[in-house]
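Order of the sequence lines sets the chain letters (A, B, ...), proteins ahead of strands, with each chain counted from 1. A quick note: this is a predicted structure, and the numbers were derived from the prediction, not measured.
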Protein chains: 2
Amino acid sequence: MMSTDVNKPAAAVRPTKQRMAVARILESFADFRSAQEIHAMLTAAGETVGLATVYRTLQLMAESGDLDVLRTEDGEAAYRRCSATHHHHLVCRSCGATVEIEGPAVERWAEAISAEHGYTEISHTLELFGTCASCR
Amino acid sequence: MMSTDVNKPAAAVRPTKQRMAVARILESFADFRSAQEIHAMLTAAGETVGLATVYRTLQLMAESGDLDVLRTEDGEAAYRRCSATHHHHLVCRSCGATVEIEGPAVERWAEAISAEHGYTEISHTLELFGTCASCR
DNA sequence: ATCGGTTTGACAACGGTTCTCATTACGAAT
DNA sequence: ATTCGTAATGAGAACCGTTGTCAAACCGAT
């Protein structure tokens, strides 16, 4: 094996103590958390990792595709460990519970409509927000 | 007539000089601009409207559905006058040119998939970013 | 152990947005 | 027109998430 290992954050990235701590804590939850929340969790867990380092690590991991990023409705970034495939999320507005969803049809639609208007190098953001069953 | 008039920003909102100035400037462009850009345009046009007022007016108008809002990829809010129907946007990453798109299929898909997971009161964000033909 | 490039952490700086609050404008009633 | 109660404004401070700075600590190959 050579990547996507819990104890080895990313490819050419040095597996430092703090990066491993971040990677590890990311395994402990399944929904989206902000950088600050993650930093707080680390601190609470007795790890001493600087806030700046958390931010840096998070964006490193996001860039190398190890992490999902989404912008909450008020513009903050939230992170979550990533399952390799491209997908979107259905997030509960009040408790944050997340369901990973796939929409091959949407992907195709996005590609098609973009091409139709002469746009290339398409990327898209798609998030669903709602109230989940137990928060009803 | 009674609403959606250029000179009467919103329903129970007082049509003040500055609100009208904001509404008017919004008619002068068709793509998305940030609150600060809009404020700068107003100032450049000789209108004296405070930045805070621009922010307040913009979010008022957005709430009452007179404006489209979108979050750029780096989390800032951008506004644009709104065509009444629900729709999404295909935005050029380099010049900001915007194409308004509709995706009834996507709407239906979003509803369906949310219901399927027991989520209610669904809202969604969907934006496409790409490079337009003339920026190629 | 040593050395050179990485990474870290504390804290300052930033940029967008929101808040505060005294002042002003609105518009309904007089 | 004048008055009055309320909503709106503006200037600036405050906020908050995020990014930058830079000296000190760390990693790992030698």
Transitive ILVMFWY cluster of B/Tyr55, excluding itself - 4.5 Å side-chain cut-off: B/Leu51

Mind checking if B/Glu37 touches a base, just sugar-phosphate, or nothing, with heavy atoms under 4.0 Å? nothing

Compare side-chain N and O positions of B/Tyr55 against OP1 and OP2 of C/dT17 and report whether any pair is under 4.0 Å apart. yes

Can you tell me which residue pairs pass the ring-ring contact (aromatic ring centres under 6.0 Å, His included) test with a partner in residues 21-50 of chain A, sequence neighbours excluded? A/Phe32-A/His89

Short heteroatom pairs, N/O only, protein and nucleotides 8-15 of chain C, under 3.5 Å:
| from | atom 1 | to | atom 2 | distance (Å) |
| --- | --- | --- | --- | --- |
| C/dT8 | OP1 | A/Thr16 | OG1 | 2.7 |
| C/dT8 | OP2 | A/Arg19 | NH1 | 3.3 |
| C/dT8 | O3' | A/Gln18 | NE2 | 2.7 |
| C/dG9 | OP1 | A/Gln18 | NE2 | 2.9 |
| C/dG9 | OP1 | A/Thr48 | O | 3.0 |
| C/dG9 | OP2 | A/Gly50 | N | 2.9 |
| C/dG9 | OP2 | A/Thr53 | OG1 | 2.8 |
| C/dG9 | N7 | A/Arg56 | NH2 | 2.7 |
| C/dG9 | O6 | A/Arg56 | NH1 | 3.4 |

Between A/Gln59 and D/dT18, does any side-chain N or O lie under 4.0 Å from OP1 or OP2? no

Atom NE2 of B/His39 to atom C1' of D/dA11: distance rounded to whole Å? 11 Å

Rounded to whole Å, the CE-C1' distance (B/Met20 to C/dA25) equals 14 Å

Dump the intermediate steps for side-chain contact (heavy atoms from CB on, under 4.5 Å) on B/Val91 and B/Leu70, then the final yes or no. CA-CA 10 Å; B/Val91 185; B/Leu70 78 73; 4.0 Å; yes

Counterpart residues, side chain to side chain donor-acceptor pair (under 3.5 Å), relative to B/Thr125 (two or more places apart): none

Atom CG of A/Leu60 to atom P of D/dT19: distance rounded to whole Å? 12 Å

Tell me, which pairs form a side-chain hydrogen bond (donor to acceptor under 3.5 Å, both in side chains) where one or both residues lie in residues 41-54 of chain A, sequence neighbours left out? A/Arg24-A/Glu47, A/Thr53-A/Arg56

In whole angstrom, give the distance that lies between atom CZ of B/Arg71 and atom P of D/dT18. 12 Å

Show me the pairs that pass ring-ring contact (aromatic ring centres under 6.0 Å, His included) and involve residues 117-136 of chain A, at least two apart or across chains. A/His86-A/His124, A/His88-A/His124

